[in-house]
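Below is one structure; the comments refer to it alone.
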Amino acid sequence: MAELRTEEMVLNMGPQHPSTHGVLRVELVVDGEVVVDAIPHIGYLHRCFEKHAEALNYQQIVPYCDRMDYLGSMNNDHAYVLGVEKLLNIQVPERVEYIRVIMAEFQRIASHLVSIGTYGLDIGAFTPFLFCFRDREMILDLFEMTCGARLLYNYMWPGGLSHDLPAGFVEKARAFIKHFRPAMKELNDLLSYNEIFVKRTANVGVLPADIAINYGASGPTLRGSGVKWDLRKCEPYSVYNKFDWDIVVGTGEMGTLGDCWDRYMVKVWEIEQSLRIIEQALDTLPEGDVQAAIPKRVRPPVGEVYVRSESPRGELAYYIVSDGSQKPYRVKGRAPSFSNLSLLPEISRGYLIADMIAIIGSVDITLGDVDR
Amino acid sequence: MGLLDKQFEDGNIVITSIDNLLNWARLSSLWQMQFGLACCAIEMMAASASHFDMMRFGVIPRATPRQSDVIIISGTVSMKMAIRIKKLYEQMAEPRYVISMGSCSNSGGPYWKYGYSVLKGVDRIIPVDVYVPGCPPRPDALLEGLMRLQEKIRKESRVKKNVEGLIQPAPKVEAV
């Protein structure tokens, strides 16, 4: 093939591109149809999270955490409020933690549904997108009846929650789970094991486990490569250690271990595990006042704290430094999408331009999370 | 043209003004540029997915500015992105319309005060036809904004420029 090598060309993909999942720009160096290098350019959605964290007090930062990874708002809040509570050294009622876990897991399902739906859309399947959004709307209804917002909730506050669960929530959540299990089977029949879909994703964008670890990948991207690492299990926070569930990892069932199909399928399997957690949490939901532990004034002692949690995209961490005032000295967010995106050149070299779409979609980034 | 198909026996004439005809055609198939910026883009996706189904208004997402009539600025416009948005807007063919969706693109929203990298309102770089408030606006609100845009197009004229009262206040709801 060496004599057929032609001059390399630089192809610009994005920031306006239907399948870059937001405002990502990828500079592709291509040799004919083959990708020689892919350089992601970021910063098109930089929204100054750290600057806001310096300027606002602890409670006011929660809405900005919402807007970091806007598909996993609940998970972002969860990690942040856990950090602030650790700084304040307060114990929240058990009911609060249970409700937080329920919400975080519902959010994980909602986020994965968007990811799965848009991934199908990228590959060329339109119907799964509609199926996923139909089910996602039901989860959003649950959120809406709890706190009034559909997308960005500001639901978890340092020390408690903005609202208790409304009457009828538990029944509605159970009804959703009952509806959703068969719907997932339907989705699998429609998309996951679809011949065309498998042909487009299997053996594409193979990510070996060692490279994934070296780049600091986490979440479904890491687990797709067969690494059994989930912070909910490996370093349990909140009340995750009280529930019985499994870490799902990629199996290489359709092609090679760590290909796009594995990364996709881990998300599908994770939904089932999230349902299991929610069911157990609903069964054992303790009573209590969700606002009992909310401090009147959040003024942590001088110190610093690093909390990490498992967001739908991977390891989400906050490093909070307190100088003893009502405003944090610094809050740094460690975003999973940022680390996962850095893998892109590594896993896209040697594949075709058309495969780039499958690879970007499978890494599942949120640009708000990358740029913050 | 399903409405008029086979309604008349052997050819017939419909009399209307050219403004009415063109406006009707334009407002009934507003092709939208498939372009998401931030959080609001998720609500925009929800608006065009099942449950809200924006396509019943003739809004079809197109991936290129050259084939689209309306651009929905859905999310925070950073300084770095602003140049690209202006470029995209300029690539759209006339007539072109802009819906500014959400607080961020209306005015900078939550990033108004400390957002050093955020453009304080997309109307500083491109003309906006309809502003949809909310952070993020519900899909219903976006549909309302879209219908307002359709109303605006309905009143356009190719002969008269700057028709008085182009944007009319919302109709008052009579108390029942």
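Per chain, numbering begins at 1; letters A, B, ... match sequence-line order. Worth saying up front: this structure is predicted, and the values here are computed from it rather than measured.
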If I measure from the heavy atoms of chain A, does Leu37(B) come under 4.5 Å with its side chain, its backbone, both, or neither?
both
Heavy-atom count around Lys51(A) NZ within 6.0 Å, excluding the residue itself: above 12?
no
Applying a strict 4.5 Å limit to non-hydrogen atoms, the region of Gln60(A) in contact with chain B is neither
Among Cys39(B), Ala49(B), Gly36(B), Ser78(B), which has the most heavy-atom pairs under 4.5 Å with chain A?
Cys39(B)
Turns out that what part of Ala41(B) lies under 4.5 Å from chain A's heavy atoms comes down to neither
Heavy-atom distances under 4.5 Å only: say whether Glu137(A) touches chain B with side chain, backbone, both or neither.
side chain
Strictly less than 4.5 Å between heavy atoms, which residues of residues 40-49 of chain A line up against chain B? Please order them by number.
Ile42(A), Gly43(A), Tyr44(A), Leu45(A), His46(A), Arg47(A), Cys48(A)
For Phe133(A), is it the side chain, the backbone, both or neither that has a heavy atom under 4.5 Å from a heavy atom of chain B?
both
Residues 33-74 of chain B vs ring-ring contact (aromatic ring centres under 6.0 Å, His included), sequence neighbours excluded, gives none
Do Lys87(B) and Gln16(A) come within less than 4.5 Å of each other through their side chains, counting heavy atoms only?
no
Less than 4.5 Å apart, any side-chain heavy atom of Leu152(A) and any of Glu43(B)?
no
Nearest non-hydrogen partners of Ser50(B) and Arg134(A), listed with the distance
OG-N, 3.4 Å
Tyr329(A) atom OH, neighbour heavy-atom count above 12 within 6.0 Å
no
Heavy-atom proximity to chain A below 4.5 Å, by part of Met79(B):
neither
Between His17(A) and Thr64(B), does the side chain to side chain contact (heavy atoms under 4.5 Å, CB included) criterion hold? Intermediate values first, please.
CA-CA 8 Å; His17(A) 190 281; Thr64(B) 157; over 6 Å; no
Pairwise distance CG(Leu71(A)) to CD1(Ile42(B)) - rounded to 0.5 angstrom
4.0 Å
Residues forming a side-chain hydrogen bond (donor to acceptor under 3.5 Å, both in side chains) with Gln326(A), sequence neighbours excluded:
none
Relative to chain A, which of Ala63(B), Ala38(B), Pro61(B) shows the most heavy atom pairs under 4.5 Å?
Ala38(B)
Under a 4.5 Å heavy-atom criterion, the part of residues 356-372 of chain A in contact with chain B comprises none
